[in-house]
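Reading through the structure tokens given below for one structure.
Each chain gets a letter, A, B and so on, in the order its sequence line appears, and its residues count up from 1. Only this structure's heavy atoms are used, side chains among them; waters, hydrogens and symmetry mates stay out.
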2 protein chains.
Amino acid sequence: MISSIAELISDRIGAMPAGERRAAQTLIANYPLTGLKTVAEFSAAAGVSSPTILRFVARLGFQNYPEFQSALQDELAAQLQSPASRTLDPGSAGGAVSPMLEATLDNMRETFRHLSDKQLADIAARLAERRGKTFLIGGRFTDPLARYMAAHLAIIQPDVYHLAGQESIWRDRLIDMGKRDVLVIFDIRRYQDSLVRFAEKAHHRGVQIILFTDQWLSPIARFARHVIAGRTAVPSAWDSSAALFVVAETLIGAVTRQLEAAGAKRIRDLESLR
Amino acid sequence: MISSIAELISDRIGAMPAGERRAAQTLIANYPLTGLKTVAEFSAAAGVSSPTILRFVARLGFQNYPEFQSALQDELAAQLQSPASRTLDPGSAGGAVSPMLEATLDNMRETFRHLSDKQLADIAARLAERRGKTFLIGGRFTDPLARYMAAHLAIIQPDVYHLAGQESIWRDRLIDMGKRDVLVIFDIRRYQDSLVRFAEKAHHRGVQIILFTDQWLSPIARFARHVIAGRTAVPSAWDSSAALFVVAETLIGAVTRQLEAAGAKRIRDLESLR
DNA sequence: GGAGCGCTGTATCTTATGTTACGTATTTTG
DNA sequence: CAAAATACGTAACATAAGATACAGCGCTCC
């Protein structure tokens with residue numbers, strides 16, 4: 001059964017021509033606000049012409065544009081009056097989406113529950129104090145997380161390096177690492193031997209290791225100065241790195257805040273270089 | 001300090017003549033819906049004449065009725081986009097961590113609220129049906145997401161390619177792309193011209209584009225067959241890609257499920273190769 | 001490769017919305 | 001109690017909004 005206009009749209013969006021689909025996507029993207037504006041504004045936002053908007057509305061079954069707007073307003077009114085209806089009832093979902101989202105949200109809450117503010121502040125402080133270099137590395141599936149963090153950190157401070165490619169390539173970088181340096185490692189099951197060996201060698205050189213891992217803890221935890229254990233279980237064939245991703249973003253934000261003064265100048269300098 | 005229009009009204013309602021006060025009360029009674037309707041409807045609801053409504057609006061400091069409506073819409077937009085502001089208790093948080101987590105969780109809920117099961121299923125089906133090749137590419141900060149998704153998809157099906165490095169390198173890959181192929185693009189603010197140009201060219205070659213973007217929609221949405229608009233606002237200097245990350249994981253899970261039979265065999269084959 | 005169909009945008013028209021002018025009613029003040 | 005000022009509604013107006021007709025373009029299918 002189709003109750004809301006949003007559902008109606010996503011039900012029929014597949015059978016729409018390109019222009020009307022753009023209209024639909026624009027409306028859904030910030031629903032329902034765009035639909036409350038004038039046809040001209042709607043069409044401009046979607047990058048199509050006014051008649052396309054009107055055809056789109058007609059395809060949804062409305063006689064004219066005002067009727068469509070009234071329907072949106074009624075829906076909005078119902079929504080605003082009972083905020084409860086916004087927290088979606090579990091029954092309606094049914095599909096494969098909701099369980100995945102719910103599990104992910106739970107994972108994040110759990111991950112942060114086991115993570116004190118102080119711990120995060122300590123790690124952020126360590127990343128922000130620029131005595132030495134910062135290296136980041138990840139495993140097979142978590143390497144993108146290392147890249148993501150490196151991409152941000154490299155903007156607000158110098159000497160940030162993402163270790164990529166062949167194992168032999170990282171190993172050679174060990175020569176540059178010392179006790180003033182920090183190594184951020186992402187490693188979740190199944191833990192990679194190559195990463196463990198690398199971590200061990202770095203540890204022996206006095207490098208401080210910050211480890212992002214799952215709740216079962218990678219063997220690298222043994223060498224790590226700081227360990228962040230994220231929940232990874234979701235109803236999927238794969239483990240989820242989403243909780244670790246959010247921790248990474250939180251740290252990026254915290255480090256940025258600490259380097260505000262120096263960082264802001266650096267960002268301006270970078271902008272002017274582009 | 002007066003922030004919302006509702007506060008503004010209740011601040012001045014005492015100094016209003018009878019007719020305008022009725023208008024004010026009617027608006028407050030089911031705020032802000034009545035204000036989004038036409039002057040005629042508003043006046044009918046309040047039991048006064050149209051000019052009274054206009055005088056009421058003028059007294060609030062607006063130049064004309066449309067300006068008043070725009071202000072209401074903006075307010076509504078802010079409210080709908082961050083449900084957090086409606087529930088959040090300032091006391092519990094304190095530290096810098098919790099607001100970030102809360103915002104991220106809200107972003108995810110909001111993102112999925114605008115994303116129907118059917119839409120996700122359609123995209124997953126498109127990714128799972130292996131008529132052609134699958135290409136993934138991302139912007140400056142979102143490229144890791146493309147990598148993450150590519151790393152998973154490449155395991156369960158052949159012909160998955162992540163486009164990395166120089167722009168000139170991707171462009172050369174265009175020659176391999178046709179209408180049977182799918183291009184997954186991640187692009188959030190600030191949108192990259194190079195990516196837009198690339199998307200346009202791919203689109204002209206008939207490639208189906210699946211776009212991950214933010215709620216303001218990258219210009220690439222114009223060329224995209226499917227658009228996923230994730231919420232990115234967090235209390236940080238950076239935008240958050242976490243919501244898009246979770247959508248990506250959800251899709252990976254869905255595609256994996258669809259390819260279960262074929263995929264399981266492929267995974268076993270890969271395992272035996274390691 | 002060609003013919004047909006369908007989609008989209010430009011330009012025009014019509015509708016209805018917001019706005020203003022003015023006369024009447026009501027309230028307030030001297 | 002009278003007179004003035006303010007508030008309100010009716011009606012006419014101008015403007016901007018939505019609707020439509022039509023032509024061009026791209027796409028699909030034969």
side-chain hydrogen bond (donor to acceptor under 3.5 Å, both in side chains), paired with Q208(B), selected from H226(B), R126(B), R180(B): R126(B)

Contacts of type ring-ring contact (aromatic ring centres under 6.0 Å, His included), residue H152(A), not counting sequence neighbours: Y148(A), F141(B), W238(B)

Overall bend - the helix from dG1(C)-dC30(D) to dG30(C)-dC1(D), comparing terminal axes fitted on five pairs, nearest 10 degrees: 30°

By side chain to side chain donor-acceptor pair (under 3.5 Å) - contacts of T142(B) (at least two apart): none

Flag, side chain of R21(A) to backbone of A224(B), donor-acceptor distance under 3.5 Å: no

Y65(A) and F42(A) aromatic ring geometry - parallel, tilted or perpendicular at 30°/60° bounds: tilted

Counterpart residues, salt bridge (Lys or Arg N to Asp or Glu O under 4.0 Å), relative to R222(B) (two or more places apart): none

Qualifying residues under side chain to side chain donor-acceptor pair (under 3.5 Å), relative to D143(A), sequence neighbours excluded: R147(A), H162(A)

Span of DNA chain C in contact with chain A (heavy atoms, under 4.0 Å): dC7(C) to dT10(C)

Heavy-atom neighbours of I175(B) CD1 exceed 12 at 6.0 Å: no

Spacing between K37(A) atom NZ and dG18(D) atom P, to the nearest angstrom: 12 Å

Six-ring centre of Y161(B), R173(B) cation under 6.0 angstrom, axis tolerance 45°: yes

Parallel, tilted or perpendicular: ring planes of F245(A) versus F245(B), cut at 30 and 60 degrees: parallel

Residue met sooner reading DNA chain C from 5', once R222(B) and Q69(B) are mapped to nucleotides: R222(B)

Under 3.5 Å, which N/O atoms of the protein pair with N/O atoms of nucleotides 13-16 of chain D?
none

Nucleic acid contacts of residues 13-26 of chain A, taken as heavy-atom distances under 4.0 Å to DNA chain C: P17(A), A18(A), G19(A), E20(A)

Heavy-atom side-chain proximity of F68(A) to L60(A) below 4.5 angstrom: yes

Any residue meeting side chain to side chain donor-acceptor pair (under 3.5 Å) with E67(B), in chain and number order, not counting sequence neighbours: none

Sequence neighbours excluded, every pair satisfying side chain to side chain donor-acceptor pair (under 3.5 Å) that has a member inside residues 41-56 of chain B: T38(B)-E41(B), S49(B)-T52(B)

Distance in Å, L54(A) CG paired with N64(A) CG, rounded so as to fall on 0.5 Å steps: 9.5 Å

Interface with DNA chain D, restricted to residues 51-65 of chain A and to heavy atoms under 4.0 Å: P51(A), L54(A), N64(A), Y65(A)

Partners meeting salt bridge (Lys or Arg N to Asp or Glu O under 4.0 Å) with K37(B) (sequence neighbours left out): none

